Asks: 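Input: one structure, supplied below.
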Amino acid sequence: MDATPLYGGIEAGGTKFVCATGTGPDDVRAEIRFPTRGSTEALALAIEFFRTQPKLPSAIGIGAFGPVDSDPASSTYGYITNTPKEGWQNTDLVGPVRRAVGVPVVFDTDVNAAAVGEHHWGAARDVNTFLYLTVGTGIGGAAIIRGKRHHGLMHPEMGHILVPRAEGDDFEGKCPYHGQCLEGMASGPAIAARWKMAATDIPAGHIAWRIQAHYLAIAVINFIVTLSPERVILGGGVMQRSELLPMIRTIVLDRLRGYIRRDEITRHIDSYIVAPALGDRAGVLGAMALAAEAL
Ligand code: ADP
Ligand code: ZN
């Protein structure tokens, strides 16, 4: 008898969906990926995937692009709410999956799910309070506090903290609500708008990366002093630029000015601010890790 439960995961991304079953990163039994078009089609494909597996998962986790309603006590729990994305406004993801597959479903934002995945299987296995920040098309943050995903009034919106300008940066910012918030200054599209080329095309050594490191370091400092995380994980497409992480560590140390007197930061910053460990499958593995919370 196999004692480990089989988890199902749905990474419901704005660009692509990934569905998988398995018991962990080394044992993904089946997986499908498809581009995100309409919600009816995406739900049908996901449900069909689980229903045609040789063994149904014991529970399914869904990590979704937002904004979402992730309050289990709410009547619209499991919904994608007021997204600008065509055809996805007020879409119930949990209800149809639970009814069609007949197993418990746990739901949260994609970034909260990814953080739970890193906690179970990745770069935060040995800590219980940590920050996971993803820097991609948007910027999102998840706080795991004493092992639990932090929710309050709603899920955190850490990408929208206000940040002081980098010296010499006169970019007006790209957030439609705040202009110059972290996401408005440092998301992939913000970088592209500032430098008039895709972030992926900006060469190593370009001043863009020093400015980028400034904004992310400021954000990390603000989250260190507010959340007191035992580790900070920085992921997302933009963080694939390998020069960013060392620059961010240096600026964080410099601008904290020795105020937080903990060896984890002052002596071991390389293992304090780190890259995620789950790579390409982080999203769907995070969703599978969420499923574990139902069992
Ligand atoms: P999403 O946030 O859409 O889920 P990603 O985390 O991959 O997806 O982020 C996509 C963004 O990251 C894009 O703006 C892209 O330009 C940027 N990006 C992806 N790879 C790189 C890279 N190697 N260097 C710089 N920017 C990158
Ligand atoms: Zn904003």
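These figures come from a predicted structure and were not determined experimentally. We use all heavy atoms of the structure for the numbers below, so side chains are in, but hydrogens, waters and symmetry mates are not. By convention here, the first residue in the shown sequence is residue 1. Order of listing sets the numbers, starting from 1, for every ligand and every atom in it.
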Asks: Which class fits the ring pair Y7 and W121: parallel under 30°, tilted 30 to 60°, perpendicular over 60°?
Replies: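 Geometry flag for W121 against Y7: tilted rings.
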Asks: Can you tell me how far the CD1 atom of I233 sits from the CE atom of M239, to the nearest 0.5 Å?
Replies: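 Nearest 0.5 Å value for the CD1-CE distance: 12.0 Å.
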Asks: Mind reading off the angle at the Zn ion (ligand 2) between the SG atom of C175 and the SG atom of C181, rounded to 10°?
Replies: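 Reported to 10°, the angle equals 110°.
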Asks: Distance from T109 atom OG1 to D69 atom CG, nearest 0.5 Å?
Replies: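 So the OG1 of T109 and the CG of D69 are separated by 12.0 Å.
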Asks: Take a 6.0 Å sphere around CZ of R210 and say whether it holds more than 12 heavy atoms from other residues, nucleotides or ligands.
Replies: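 No, not enclosed.
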Asks: Using protein heavy atoms only, decide if any is under 4.0 Å from atom 19 (C) of ligand 1.
Replies: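 Protein heavy atom within 4.0 Å of atom 19 (C) of ligand 1: present.
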Asks: Are P189 and ligand 1 in contact, using a heavy-atom cut-off of under 4.0 Å?
Replies: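 Yes, P189 has heavy atoms under 4.0 Å from ligand 1.
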Asks: Could you measure the distance from the CZ atom of F223 to the CD1 atom of I161? Nearest 0.5 Å is fine.
Replies: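 Reported to 0.5 Å precision, the distance equals 4.0 Å.
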Asks: Quick check: does T137 get an N/O under 3.5 Å from an N/O on ligand 1?
Replies: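 There is such a contact, yes.
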Asks: Check whether any protein heavy atom sits under 4.0 Å from atom 4 (O) of ligand 1.
Replies: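 So far as the 4.0 Å threshold goes, atom 4 (O) of ligand 1 is out of reach of every protein heavy atom.
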Asks: Roughly how far, to the nearest 0.5 Å, is the NE2 atom of H214 from the CZ atom of R255?
Replies: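 The distance works out to 6.0 Å.
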Asks: Report the nearest protein non-hydrogen atom to atom 23 (N) of ligand 1: residue, atom name, distance rounded to 0.1 Å.
Replies: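 Atom 23 (N) of ligand 1 sits closest to the protein heavy atom Q240 CB, 3.7 Å.
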Asks: Distance to 0.1 Å, residue and atom name: give those for the protein heavy atom nearest to atom 14 (O) of ligand 1.
Replies: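 Nearest neighbour among protein heavy atoms for atom 14 (O) of ligand 1, to 0.1 Å: G188 CA, 3.3 Å.
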Asks: Does any N/O atom on A199 come nearer than 3.5 Å to any N/O atom on ligand 1?
Replies: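 The answer is no, given that A199 and ligand 1 share no N or O pair closer than 3.5 Å.
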Asks: At the Zn ion (ligand 2), what's the angle from H160 ND1 to H178 ND1, rounded to 10 degrees?
Replies: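 Centred on the Zn ion (ligand 2), the ND1/ND1 angle is 100° (to 10°).
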Asks: Could you give the distance from CD1 (I10) to CG (L43), rounded to the nearest 0.5 Å?
Replies: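 Here the interatomic distance stands at 7.5 Å.
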Asks: Going by heavy-atom distance to atom 17 (C) of ligand 1, choose the closest among I202, V238, L244.
Replies: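 Considering heavy atoms of I202, V238, L244, the nearest to atom 17 (C) of ligand 1 sits in V238.
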Asks: N128 pairs by side-chain hydrogen bond (donor to acceptor under 3.5 Å, both in side chains) with which of H119, K148, R231?
Replies: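 Result: among H119, K148, R231, H119 is the only option passing the side-chain hydrogen bond (donor to acceptor under 3.5 Å, both in side chains) with N128.
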Asks: Would you mind listing which atoms of ligand 1 come within a distance below 4.0 Å of any non-hydrogen atom of G236?
Replies: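 Within the 4.0 Å cut-off of G236, ligand 1 contributes 6 (O).
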Asks: So which heavy atom in the protein is nearest atom 9 (O) of ligand 1, and how far is it from that ligand atom?
Replies: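 I find the closest protein heavy atom is G136 CA, 3.1 Å.
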Asks: How long is the straight-line distance from CZ of F107 back to CG of D71, given to the nearest 0.5 Å?
Replies: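 Between D71 CG and F107 CZ, I get 11.5 Å after rounding to 0.5 Å.
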Asks: Identify the closest protein heavy atom to atom 6 (O) of ligand 1: which residue and atom is it, and at what distance?
Replies: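 Residue, atom and distance for the closest contact: G237 N, 2.8 Å.
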Asks: Considering only protein heavy atoms, which is closest to atom 24 (N) of ligand 1, and at what distance to one decimal place?
Replies: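 The protein heavy atom lying closest is R241 CD, 3.0 Å.
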